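Reading through the structure tokens given below for one structure.
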Amino acid sequence: DHRDLHSFPTRRSSDLFNYSTKDACLSNKTILVTGAGAGIGRTAALTYAQLGATVILLGKTVSKLEAVYDEIVALGLAEPAIIPLDLKGATKQNYIDMSSTIAGQFGHLDGVLLNASILGELTPFTQMHEQIFNDVMKVNVTAQCLLAQTLIPTLLLAPNASLVFTSSGVGSQGRAYWGQYSISKFATEGMMQVIADEYEGSNLRTNAINPGATNTNMRSCAFPAENKDEIAIPEDIMPLYVYLMSDDSLEVNGQTLKAQ
Ligand code: NDP
């Protein structure tokens, strides 16, 4: 099985190399996942729910969020909440309202997975469109900043809280034609490091995941011709997603970790 080739994790100490998720390791935790209706975010939400968490499903397309909600309820797991929010159009007030709704309903948040993002388009640098550049920056950077700003106070109310950003291989090494997306992921890693440093020593830890090539809609847009059987599926990369939400990672802060 090609999936055996994924060394996991590549940048962690060897005692975590075979990190395996334990049943109910996320019980009593409330975890918000953005982009929870599709791709990696959908699988992360289902995985967190299966391990005992109450999940808050945030995303743009309500029908996709409802389908994930139905799957979780059909499995007899803790009832999720749905928050429809378009990260491209939302205003600061929308984020403030969203955050106070969560604080009112759940009291605190134990984890936030900032997963939703957009690719824009792959194009030569001199041909990047200003509108697409602005859209990618809005969704991948500004919206992540507003989510973090408004959710951190609710995270700080938890005994221990984990804020997880999503980067990419092109978030630490630029690559030709990846233009605005690569730039936005460098900004994501910078934002993660700023927050991690500010809250060092507190009950909030902040890290980023580089998922690696994973079979989703976004991956198909970037690499339409590749053989999808040769890359990971979202389920394969879940150990790191669980690790960063579990109490096993309490001492980890300011890191970008590779899921494969
Ligand atoms: P998908 O495109 O499959 O899913 C993206 C998710 O983000 C969808 O649920 C989508 O919702 C949501 N989303 C997009 N735009 C908005 C918006 N304006 N408002 C709210 N939600 C929005 O992507 P992946 O699952 O592949 O990617 C997940 C993360 O992993 C991303 O941050 C990506 O950059 C990163 N990544 C992925 C890799 C891969 O190989 N797949 C590799 C490296 C990094 P909707 O469907 O409703 O539009």
Side-chain angles (χ1 to χ4, degrees), residues 3 6 10 32-47 55-69 71 82-91 94-95 98 112-122 131-132 134-148 164-175 178-189 191-192 207-224 226-228 230-238 240-241 244 256-260:
R3 285 176 194 130
H6 294 160
T10 52
L32 174 93
V33 178
T34 73
I40 295 167
R42 173 185 168 278
T43 302
L46 284 163
T47 302
V55 289
I56 302 172
L57 311 168
L58 187 149
K60 184 179 61 179
T61 312
V62 177
S63 58
K64 293 183 187 175
L65 300 174
E66 286 173 345
V68 178
Y69 175 101
E71 271 189 81
I82 288 181
I83 300 188
L85 193 70
D86 181 350
L87 302 180
K88 196 153 92 178
T91 64
N94 294 142
Y95 291 98
M98 177 273 294
V112 171
L113 174 62
L114 296 177
N115 159 82
S117 86
I118 55 173
L119 179 67
E121 63 176 4
L122 304 186
Q131 188 58 53
I132 293 174
N134 289 341
D135 288 349
V136 170
M137 289 301 152
K138 182 89 192 278
V139 173
N140 296 7
V141 183
T142 310
Q144 312 303 319
C145 177
L146 291 165
L147 282 161
V164 179
F165 285 87
T166 306
S167 187
S168 159
V170 297
S172 57
Q173 176 64 56
R175 194 184 305 157
W178 283 68
Q180 53 258 320
Y181 178 82
S182 176
I183 295 166
S184 78
K185 293 298 188 180
F186 268 81
T188 300
E189 294 209 18
M191 185 164 16
M192 177 277 287
N207 296 283
I209 291 176
N210 170 6
T214 309
N215 188 6
T216 65
N217 282 342
M218 184 186 286
R219 179 75 191 178
S220 298
C221 289
F223 297 94
E226 85 181 335
N227 181 353
K228 294 175 179 40
E230 287 178 0
I231 59 170
I233 59 173
E235 285 77 2
D236 295 334
I237 62 172
M238 285 301 118
L240 179 58
Y241 283 77
L244 283 177
T256 298
L257 300 170
K258 293 180 180 177
Q260 321 182 30

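Since the structure is predicted, the reported quantities are computational estimates derived from the model, not experimental observations. We count ligands from 1, going down the list as the structure has it; atoms in each ligand are counted the same way.
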Is R42 near ligand 1, meaning one of its heavy atoms is under 4.0 Å from it?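 No, that is not the case, since the closest heavy atom of the residue is not under 4.0 Å from the ligand.
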At a 4.0 Å cut-off, with the gap strictly under it, does some heavy atom of L85 reach an atom of ligand 1?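 L85: in contact with ligand 1 (<4.0 Å).
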Looking just at side-chain N and O atoms, do T91 and N94 make a donor-acceptor pair shorter than 3.5 Å?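 A donor-acceptor contact under 3.5 Å links the two side chains.
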Without hydrogens or angle criteria, can the side chains of Q131 and D135 be said to hold a donor-acceptor pair below 3.5 Å?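 Yes, side-chain donor-acceptor contact under 3.5 Å.
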Which of the numbered atoms in ligand 1 are below 4.0 angstrom from a heavy atom of [X]?
| X | answer |
| --- | --- |
| I118 | 14 (C), 15 (N) |
| G39 | 3 (O), 25 (O) |
| N217 | 3 (O) |
| A116 | 7 (O), 12 (C), 13 (N), 21 (N), 22 (C) |

Quick one: does [X]'s side chain get under 4.5 Å of [Y]'s, heavy atoms only?
| X | Y | value |
| --- | --- | --- |
| R175 | S182 | no |
| L87 | K60 | no |
| W178 | I183 | no |
| V112 | L147 | no |
| N215 | S220 | yes |

In terms of residue, atom name and distance, what is the protein heavy atom nearest to [atom]?
| atom | result |
| --- | --- |
| atom 23 (O) of ligand 1 | M218 CB, 3.5 Å |
| atom 4 (O) of ligand 1 | A38 O, 4.2 Å |
| atom 5 (C) of ligand 1 | S117 O, 4.0 Å |
| atom 9 (O) of ligand 1 | G35 O, 3.1 Å |
| atom 19 (N) of ligand 1 | L87 N, 2.8 Å |
| atom 26 (O) of ligand 1 | T216 OG1, 2.5 Å |
| atom 32 (O) of ligand 1 | N115 O, 2.7 Å |
| atom 30 (O) of ligand 1 | T166 CG2, 3.3 Å |

Report the part of K64 (side chain from C-beta onward, or backbone N, CA, C, O) that has a heavy atom under 4.0 Å from ligand 1; answer both or neither where that applies.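 For K64, only side-chain atoms sit under 4.0 Å from ligand 1.
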Where does A213 meet ligand 1, judged by heavy-atom distances below 4.0 Å: at the side chain, the backbone, both, or neither?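 Near ligand 1, A213 shows its backbone, while the atoms from C-beta on stay back.
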Which of the listed options, D135, T43, T61, holds the heavy atom that is closest to atom 45 (P) of ligand 1?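 Residue with the shortest heavy-atom distance to the ligand atom: T61.
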Which option out of G212, S167, S168 puts a heavy atom nearest to atom 42 (C) of ligand 1?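 Shortest heavy-atom distance from atom 42 (C) of ligand 1: G212.
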Which residue pairs satisfy the salt bridge (Lys or Arg N to Asp or Glu O under 4.0 Å) criterion with at least one member in residues 212-221, sequence neighbours excluded?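 Non-adjacent pairs meeting salt bridge (Lys or Arg N to Asp or Glu O under 4.0 Å): R219-E226.
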Looking only at distances, please establish whether an N/O atom of ligand 1 is found under 3.5 Å from an N/O atom of V139.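 Not met; the criterion fails.
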side-chain contact (heavy atoms from CB on, under 4.5 Å) with T166: which of I40, N210, L113, L114?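 Among the candidates, only L113 passes.
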Check the pair R42 / L46 against side chain to side chain contact (heavy atoms under 4.5 Å, CB included), numbers first and verdict last. CA-CA 6 Å; R42 173 185 168 278; L46 284 163; 3.7 Å; yes
Verify the contact flag for atom 17 (C) of ligand 1, where contact means a protein heavy atom under 4.0 Å away.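 Answer yes: something from the protein, a heavy atom, is under 4.0 Å.
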Partner set under salt bridge (charged side-chain N to carboxylate O under 4.0 Å, His left out) for E235, not counting sequence neighbours: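 Here no residue qualifies.
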Looking at every non-hydrogen atom in both residues, tell me the closest pair between E189 and S167 and how far apart they are.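 The answer is OE2-OG, 2.6 Å.
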